[in-house]
Structures are given as structure tokens and as C-alpha cells.
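Here is the structure we will look at.
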Amino acid sequence: MRFMVIEYSVIIPAYNEERTIERAIREIAGVFDDFGKPCEIIVVDDGSSDRTAEIVLRIAESAALVSLIRLTKNQGKGAAVRAGVERSTGEIILFLDADLATHPSEFKKFIPALQENDILIGSRTARGSVINSRQPFYRVLLGKLFNKLAVRWYLKLPYNDTQCGFKAFHKKIKPMFNDITSNGWAFDVEFLVRAKRENLRIAEIPVQWSHGHESRVRLRDAARVAKEIYRIKNQ
């Protein structure tokens, strides 16, 4: 069998996504097929209690480049993405949300910018971004406060949107994931803090975005998130 060089690895962290995971896989495959280069799709089942894993395994039976990683218990997006990155073999790695809040077709905008950058962040606030359906007002407000106070003021990150779940990077930075310890909501922030400390080239790319699942972070989690941000700052 001839060895196949994988150009793209797409990682989908998934927790109880039986309603969305098949559509996600099919649409990702369709988009990347048009690029004409091999793409593997890695679904990381983050301890789901529904049929997510069963659906992925059924698809994988007839799609050689679709694979499943099963975490025995729910650990959070960070743990799922790290597991997917470890398994990945592509030259370019993308992770995105299972609800396709940012559609995989937006990756086409990333391809030219990947020639000059190590990491690309999908941004809902950069000039040229489009919000097709908005989050509730209070979530928009909390997001802006988090970005202004925690991200830009406290952590000194110059990015307007760290939390959009659509990010791509080159294979060469995979080792950095071995040092990331955040499993939950702060994962994206720690990822970017570490990347900035290593002087990696990072750019925000405007994307189209639609509000999908409700975030699993609640107001009662504020103290835990604050503790994580403090730890990231001082690690």
C-alpha cells in the first residue's frame, strides 16, 4: 500500500454530539475534498454518554481517513484537543467545534495566511467578520469583559477573540501542546499565551460565525475561570 502524506488534520472535540457529529464530518470532508489534498478527520469523544462514538465508528467503517479517539470520562475541550493533536499526522492542523459555529469552508481564507504565520485564530470581531446569529446579550457582554480585563489587560494578549473555536497551526508546534494543562474554557487562552511566549507568528482571521450550542461555562464558574487565568499568568 502506497504511503499517503496527509496535508490537513481536522480535530473535532465532541461531547454528547449525536445530533450534530455526522453532519460535521460530512461537511468537513466535502470542503476539504475540494482542496484536492488528503485530509484526516479525528473526532475526540470526550466521555460522551450518548451515541456520538457509535455514529463516528459507523462512518469510519467506510471512510478510511475518519478516526475516533475515546476519552473514558469527560475532561473538557483542552484534553480533547490535545488528544487529537497527539494523534494527528497532517502538515496543517485545524480544530473546530462540532456544531460548526464556524463552517469549515472558512478555512479557505486561512490557506494564504498560513504561509506567513504559525497560528491562525478565527475571529468574530476582526474587521470583515460576519455574525449570522448572535449569542444572548449577556453572553456577548461577558465575552467582551473577559477579553478586555482577563485577556488584554491581565495577560497582555493583543487578540480580540481568543475563544472562537476555530484555530489552525503548523505541525511543527505540536510539541507545545505537551505543556498545556488547561482542560476547560481557559485552554484557548493558555494555548495563545504559550505561543506568544515562544514568539510564534499569530494572526486573527475574520470568519463567519453562527451561535450554536450554549456554552457550558456558567456564571457560577467565574471563580474557577479566574483561578485558571491566574495560574496561566504565573506559570
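In what follows, residues are counted from 1 in the order of the sequence shown.
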Does a side-chain heavy-atom distance below 4.5 Å link F95 with I12?
no
So ring pair (Phe, Tyr, Trp, His ring centres under 6.0 Å) across residues 106-134, not counting sequence neighbours, yields Y8-F107, F32-F107, F107-F110, F110-F166
With heavy-atom distances below 4.5 Å as the criterion, would you say the side chains of V44 and I42 are in contact?
yes
Give a yes or no on whether the backbone of S48 and the side-chain of D45 come within a donor-acceptor separation of less than 3.5 Å.
yes
Kindly indicate whether the side chain of L96, heavy atoms from C-beta on, has any atom under 4.5 Å from the side chain of T102.
no
When you measure from the side chain of D188 to the backbone N and O of K167, does any donor-acceptor pair fall under 3.5 Å?
no
Side chains of E40 and S88 only: does a donor on one sit below 3.5 Å from an acceptor on the other?
no
If only atom types and distance count, is the side chain of K37 paired as donor or acceptor with the main-chain N or O of D34 below 3.5 Å?
no
Please check if the number of heavy atoms outside K73 that lie under 6.0 Å from its NZ is greater than 12.
no
As a quick check of understanding, evaluate side chain to side chain contact (heavy atoms under 4.5 Å, CB included) for E106 and I205, giving each step before the final call.
CA-CA 10 Å; E106 292 295 285; I205 305 295; over 6 Å; no
Using modelled atom types and a 3.5 Å cut-off, is there a donor and acceptor pairing between side-chain atoms of E7 and backbone atoms of E91?
no
Taking the side chain as every heavy atom from C-beta outward, state whether I21 and V56 have any atom pair closer than 4.5 Å.
yes
Do T162 and F146 come close enough that some side-chain heavy atom pair is under 4.5 Å?
yes
Among N74, N16, V81, find the residue that satisfies the side chain to side chain contact (heavy atoms under 4.5 Å, CB included) test when tested with D46.
N74
Does a sphere of radius 6.0 Å around OH in Y230 hold more than 12 heavy atoms from other residues, nucleotides or ligands, not counting ones at 6.0 Å or beyond?
no
Are more than 12 heavy atoms from other residues, nucleotides or ligands located less than 6.0 Å from atom NZ of K233?
yes
Does K77 use its side chain to pair, donor to acceptor, with the backbone of W185 at less than 3.5 Å?
no
Considering only NZ, NE, NH1 and NH2 on the basic side and carboxylate oxygens on the acidic side, decide whether R194 and E198 come within less than 4.0 Å.
no
Please check this pair: side chain of D50 against backbone of T52, looking for a donor-acceptor N/O pair closer than 3.5 Å.
yes
Would you confirm whether R51, through its side chain, and E18, through its main-chain N or O, come within 3.5 Å as a donor-acceptor pair?
no
Could you give me the CA-CA distance, side-chain angles and deciding distance for F177 and F169, then say whether ring-ring contact (aromatic ring centres under 6.0 Å, His included) is met?
CA-CA 12 Å; F177 282 80; F169 51 92; 5.1 Å; yes
Using atom types as modelled and distance alone, determine if a side-chain donor or acceptor of K196 lies under 3.5 Å from a backbone N or O of F191.
no
Would you list the atom pairs, donor with acceptor, under 3.5 Å between side chains in residues 58-70 and any protein atom, with sequence neighbours excluded?
unit_1 : atom_1 : unit_2 : atom_2 : d
R58    : NH2    : E22    : OE1    : 3.1
S62    : OG     : I59    : O      : 3.4

Show every side chain to side chain donor-acceptor pair (under 3.5 Å) that has at least one partner inside residues 118-129, sequence neighbours left out.
D118-K172, D118-R201, S123-T125, S123-E204, R124-D161
Answer with yes or no whether the side chains of N160 and R152 bring together a donor and an acceptor at under 3.5 Å.
yes
Heavy-atom closest contact (V5 atom, P38 atom, distance)
O-CG, 3.4 Å
Search all heavy atoms of Y15 against all heavy atoms of G47 and return the closest pair with its distance.
CE1-O, 3.6 Å
Would you check if the side chain of H170 reaches a backbone N or O of L114 as a donor-acceptor pair within less than 3.5 Å?
yes
All heavy atoms of I232 vs all of S182, minimum pair found to be CD1-OG, 3.8 Å
Taking C-beta and beyond as the side chain, do I6 and C39 meet within less than 4.5 Å on heavy atoms?
no
May I ask you to check whether H103 and Q208 show a side-chain donor-acceptor distance below 3.5 Å?
no
